[in-house]
Amino acid sequence: MVKRSRSPKAIALFLFFICVSASFAAQPDVVVEGTQDLWHVGQGLFVLEDVSQALTIGDVSRPGFAHRFIRSSMDPPTYGFSRSVYWVRFSYLKKDLAPERRWVLAVMNAPLEHVDVYFQRPDGSFDVRRGGSRVPWASREVAHRFHGFYLPDASVEPLTVYIRVQTSSLMTLPVELLTGDELMRVGASLLVPWWIYFGILASMVLFNTVLYVFLRDRAYLYYVLYIVFFGHFILLRFSGLGYEYFPDAGPWLVRIPQSLAHLGGLCVVLFARSFLHTSRTVPTLDRLLRVLIAVCGTSTLLATFLPVRVSLIIGNTLALVSGLLLLVIPSVVWRRGFQPARFFLAGWSSLCLAVVLVPLSNQGWLPSNIVTRHLVMIGSAMEMILFALALANRINEAKKESEAARRQALEGEIFRLRNIELRQANEEILRKQEQLVQAEKIASMGQLAAGVAHEIKNPLNFVNNFSLSLVEMSDELLQELKSLPAGKQDDLMMLASDCRQTAQKIAEHGRRADGIVRSMLEHSTVRPGARSLVDLNRFIEEHIGLVLHDSKGQRLGVPVSVERVLEPGLPPVEVIPQELGRALLNLLNNAFHAVGEQHKKGLSGYVPAVCVSTLRHAGRVEIRIRDNGTGIPAAVHERIFEPFFTTKRPGEGIGLGLSLSHGIITKRHSGTLEFDSNENDGATFVITLPVNPGVLP
C-alpha cells in the first residue's frame with residue numbers, strides 16, 4: 001500500500017515559516033533612511049568583552065562567537081576603566097537615500113586610543129578602517145576630533161559592522177550613524193557648553209588674578225592655579241578639544257590631563273589650607289593637610305612618567321582622601337566661627353556630588369540629558385563660582401574686622417588724646433628737672449675745682465718764688481766759695497751745687513703744677529653750657545697729659561703704656577669743653593685705676609696699658625678708651641651708670657664719675673656712652689658724638 005504524500009497546505013505552511021524566519025534573521029539593527037540625518041545606534045549594539053586581548057576579527061565573526069555578543073542595555077554603552085578589548089557588532093541597511101549625501105559611522109568619544117572598524121562584505125571578507133586618538137590627523141578618514149568612517153553602500157542586504165575598541169581612558173562607546181554635515185553640526189553644538197564653561201573659568205582667573213596683584217594674598221594665587229590646572233583637565237579630558245586643536249598630540253593628550261589633574265589636586269589643597277587658615281584654626285588637621293600636600297606634590301612629579309592606568313589609580317585614591325578631608329575641615333572651621341568656610345564647603349560638596357553622580361549616569365541609572373552628560377563640568381563650574389564667593393566673603397569679613405579694629409583704635413586714640421597733654425607736661429618737667437640736676441652737679445664740680453685751684457695757687461706761688469730765690473742764692477754762694485782756699489773749696493762747692501740742683505727740680509715741678517692749676521682754672525671759668533668747636537685729637541691729648549701728671553697716676557708704682565690711635569683730619573666737633581673734659585678725665589682715671597689694681601695682683605708678664613683711639617663715621621665721631629685692667633663683672637653691667645654705684649673699695653670713689661659722664665655725653669651732647677667688658681679681661685668705653693649736633697638741650 002502506497003503512502004499518501006503530505007498535504008499541500010502543510011507544505012505551504014512550512015515554507016511560510018521558513019520565509020518568515022529568514023526575514024526575521026535578516027532584519028538589520030539600524031535602518032538608515034532619508035527621513036532624518038542622525039541615527040542613534042545605542043541599544044542596537046551587541047558587545048563582547050575580550051579580557052585576553054587576543055581575539056581577532058576572524059575569531060569574533062565566526063558563528064560560534066555569535067552567542068557571546070550581548071545586546072547593550074545602556075545608551076551609550078559604558079564600562080568604566082578597563083584593560084579589556086571590547087568588540088561591538090551591529091548591522092545596518094541604507095534605504096531611500098540621496099546619492100550625493102555621504103553617511104558616516106562616528107564613535108563620539110575623542111580620547112579612545114584604538115578604534116578599528118570592520119565592514120563585512122557580501123563575500124565574507126572585511127573592509128578594515130583604522131582610527132583612534134593615536135592616528136595622526138592627516139591619516140584620519142574623516143578629519144574630526146571624533147572617530148569617523150564613511151559607510152559603504154548597503155541598500156539591498158544588511159551590512160554587518162564590527163568595531164574593536166581599546167583604551168586606557170573611560171570605555172564609553174557612543175556610536176552614531178549620520179551625515180558628514182550633521183557630524184560637523186553636532187560636533188560644534190557639543191562644544192557650546194564647553195565654551196561657556198571656558199568663559200566662566202577665564203573670567204574667574206582674570207578677576208582673581210587682579211585681586212591677587214592688589215591684595216598679595218596667596219589664597220587667590222592658589223585659587224587661580226587650581227582653576228587653570230583643574231579646568232584644563234576637565235576641558236581636555238571630557239570635551240575632546242585637545243584633539244581638535246592639537247590633532248597630532250596623540251598619546252600625550254591622554255597623559256597630559258592626568259598631570260593637570262594631579263596639579264589641580266595639589267593646588268586645591270594649598271588653597272584650602274591658606275583660605276581656611278588651618279594652621280591656626282585646626283592645627284591637628286593641618287598636619288594631615290601638609291602630609292597630603294607632600295604626597296600630591298610627589299604624585300604630580302611622577303604623573304608624567306608613570307603608566308596612565310597607574311596614574312589614574314593614584315589620582316583616584318588621592319581624590320578620595322582629599323575629598324573626604326576637605327569636607328571635614330571646612331565643617332570644623334565653620335563651626336569655630338569662620339563664616340567664609342560655608343561657601344568653601346558648598347563649592348566642594350557640589351563637585352563631590354557631581355563626581356558621585358557620574359558613575360550613576362554612566363550605568364544608565366540616571367536619564368540621559370544635557371545635565372547628566374555634563375555633570376563634571378557643571379559641578380566644577382559651581383565649585384569654582386562658590387570658591388570665588390568664598391574669597392569675596394572673606395574680603396567682607398576682613399573689612400568687618402578692620403572696621404572693628406579701627407573703631408577700637410579710634411576709641412583708644414581718643415582716650416590717649418585726653419591725657420596726652422598732661423603726660424607731655426609731666427615728661428617735660430621731668431626732663432627739665434634732670435637737666436637742672438645735671439647742670440647743678442656739673443656747676444658744683446666746676447666751682448669745687450675752681451676753689452681747689454685757687455687754694456693751691458697761693459702756696460704754689462710761695463714754692464715757686466722761694467725755689468727761684470734759692471737758685472739765686474746758690475749762685476751767689478758758689479761765687480763766694482771761689483775765693484776760699486782750695487782745700488775747703490771742694491766740699492763746699494759740691495754741697496752748694498747739690499742745693500742748686502735741688503732748687504731747680506723744685507722750680508721745674510712747681511711750674512708743672514702751676515700749669516695744671518691754670519688748666520683747672522680755665523675749665524672752671526668757662527660759662528656752663530657754652531659751646532665751641534674743638535680739635536678733638538688735641539683735646540684728648542691735653543686730657544691724657546692731665547691724667548699722666550695727676551697724683552693718682554703717679555701712685556701706680558709702675559709706668560703705664562698709653563697708646564694713641566687718633567685718626568688724622570677729624571673735623572672740628574661742637575662740644576661743651578669743660579663738661580666733655582670732665583667726662584674724659586673720669587673715664588681715663590677709671591682706666592688708670594683698673595690697670596693699677598690689676599698690676600697689684602702680681603700677674604707674671606703683665607704690663608699696664610691704656611689705648612685711646614678716635615674714628616670718624618657718617619656724621620659722627622667715636623672716642624674709644626680701652627684698658628687691660630680688672631674689667632667689670634657681668635653681674636653689675638646693668639648698674640654701672642647708676643648714681644653712687646661703684647666697684648671701688650671704700651675711700652677710693654663715691655660712684656658719681658660714670659653717672660655724671662653718662663649724663664654729659666647723652667643729655668648734653670646727644671651722643672652715646674657704651675661699654676664692653678669681662679671680668680679680668682679689661683674694659684672698653686666708647687663715646688659717640690655727632691659732628692654737628694644742632695641745638696642741644
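Between K600 and E597 there is a salt bridge, with a side-chain nitrogen of the basic residue lying less than 4.0 Å from a carboxylate oxygen of the acidic one. A salt bridge between E579 and R668 is present, with a side-chain N of the basic residue lying under 4.0 Å from a carboxylate O of the acidic one. Contact check on R624 versus E622 returns a salt bridge, with a Lys/Arg side-chain nitrogen under 4.0 Å from an Asp/Glu carboxylate oxygen.
S677 places a side-chain N or O within 3.5 Å of a backbone atom of G682 that can act as its donor or acceptor partner. Using a distance-only test at 3.5 Å, with no hydrogens or angles considered, no donor-acceptor pair links the side chain of T278 to the main chain of S274. Between the side chain of N208 and the main chain of M204, a donor-acceptor pair closer than 3.5 Å is present. Here the side chain of R336 pairs a donor or acceptor atom with the backbone of T281 at under 3.5 angstrom. For N537 (side chain) and E567 (main-chain N/O), a donor-acceptor pair under 3.5 Å exists by modelled atom type. Between the side chain of H277 and the backbone N or O of R273 there is no donor-acceptor pair closer than 3.5 Å. Side-chain atoms of W348 come within 3.5 Å of backbone N or O of G323 as a donor-acceptor pair. In this structure, the side chain of H262 does not engage the main chain of C296 through any donor-acceptor pair within 3.5 Å. In terms of modelled atom types and a separation under 3.5 Å, the side chain of H599 and the main chain of Y606 share no donor-acceptor contact.
Looking at S661 and N586, their side chains do bring a donor and an acceptor atom within 3.5 Å of each other. Counting only N and O atoms by type, the side chains of T630 and N680 include no donor and acceptor under 3.5 Å apart.
For F675, the CZ atom sits in a packed shell: over 12 heavy atoms of surrounding residues, nucleotides or ligands are nearer than 6.0 Å. Surrounding CZ of R538 are at most 12 heavy atoms belonging to other residues, nucleotides or ligands under 6.0 Å away.
For the atom pair OG1 (T684) and CG (N628), the distance works out to 10.0 Å, reported to the nearest 0.5 Å. The OG atom of S670 lies 10.5 Å from the CD atom of E574; values are rounded to the nearest 0.5 Å. To the nearest 0.5 Å, the span separating CG on D535 from CG on L570 amounts to 7.5 Å. Between the CZ atom of F229 and the CG atom of L263 there is a distance of 5.0 Å, given to the nearest 0.5 Å.
In this structure, S561 and P608 have side chains that are not in contact, with every pair of non-hydrogen atoms separated by 4.5 Å or more. By the 4.5 Å heavy-atom criterion applied to side chains, F387 and V268 are counted as neighbours. The closest side-chain heavy-atom distance from F344 to F271 is below 4.5 Å. Side-chain contact between L345 and S331 is present, with heavy atoms from C-beta onward closer than 4.5 Å. Using a 4.5 Å cut-off on side-chain heavy atoms (C-beta onward), V621 and L615 make no contact. The side-chain heavy atoms of R218 and L270, taken from C-beta on, include no pair separated by under 4.5 Å. In this structure the side chain of I540 reaches within 4.5 angstrom of the side chain of T614, judged on heavy atoms. Between L584 and I687 there is a side-chain heavy-atom pair separated by less than 4.5 Å.
Here the shortest heavy-atom pairing between D627 and A594 reads OD1-CB, 4.0 Å. Among all heavy-atom pairs drawn from V562 and R564, the shortest one is O-NH1, 3.4 Å. Contact record, S299 with I314: CB-CG2, 4.0 Å, taken as the closest heavy-atom pair. Nearest heavy atoms, I329 versus L285: CG1-CD1, 3.8 Å. The two atoms that bring A583 and I665 nearest to each other are CB-CD1, 4.2 Å, heavy atoms only.
Note that R216 lies in the cation-pi zone of Y212, set by a 6.0 Å cut-off to the ring centre and a 45° limit from the axis.
Under the side-chain hydrogen bond (donor to acceptor under 3.5 Å, both in side chains) criterion, R287 pairs with no residue at all, not counting sequence neighbours.
Under the side chain to side chain contact (heavy atoms under 4.5 Å, CB included) test applied with V295, the options L318, T317, L266 reduce to a single match, L318.
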Run the side-chain contact (heavy atoms from CB on, under 4.5 Å) check on E563 and V612 step by step: do they pass? CA-CA 6 Å; E563 181 183 1; V612 182; over 6 Å; no
Evaluation steps, side-chain contact (heavy atoms from CB on, under 4.5 Å), between V610 and I544: CA-CA 10 Å; V610 175; I544 292 175; over 6 Å; no
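In this structure, Y226 and F230 have parallel ring planes: the angle between them is below the 30° cut-off, well short of the 60° mark.
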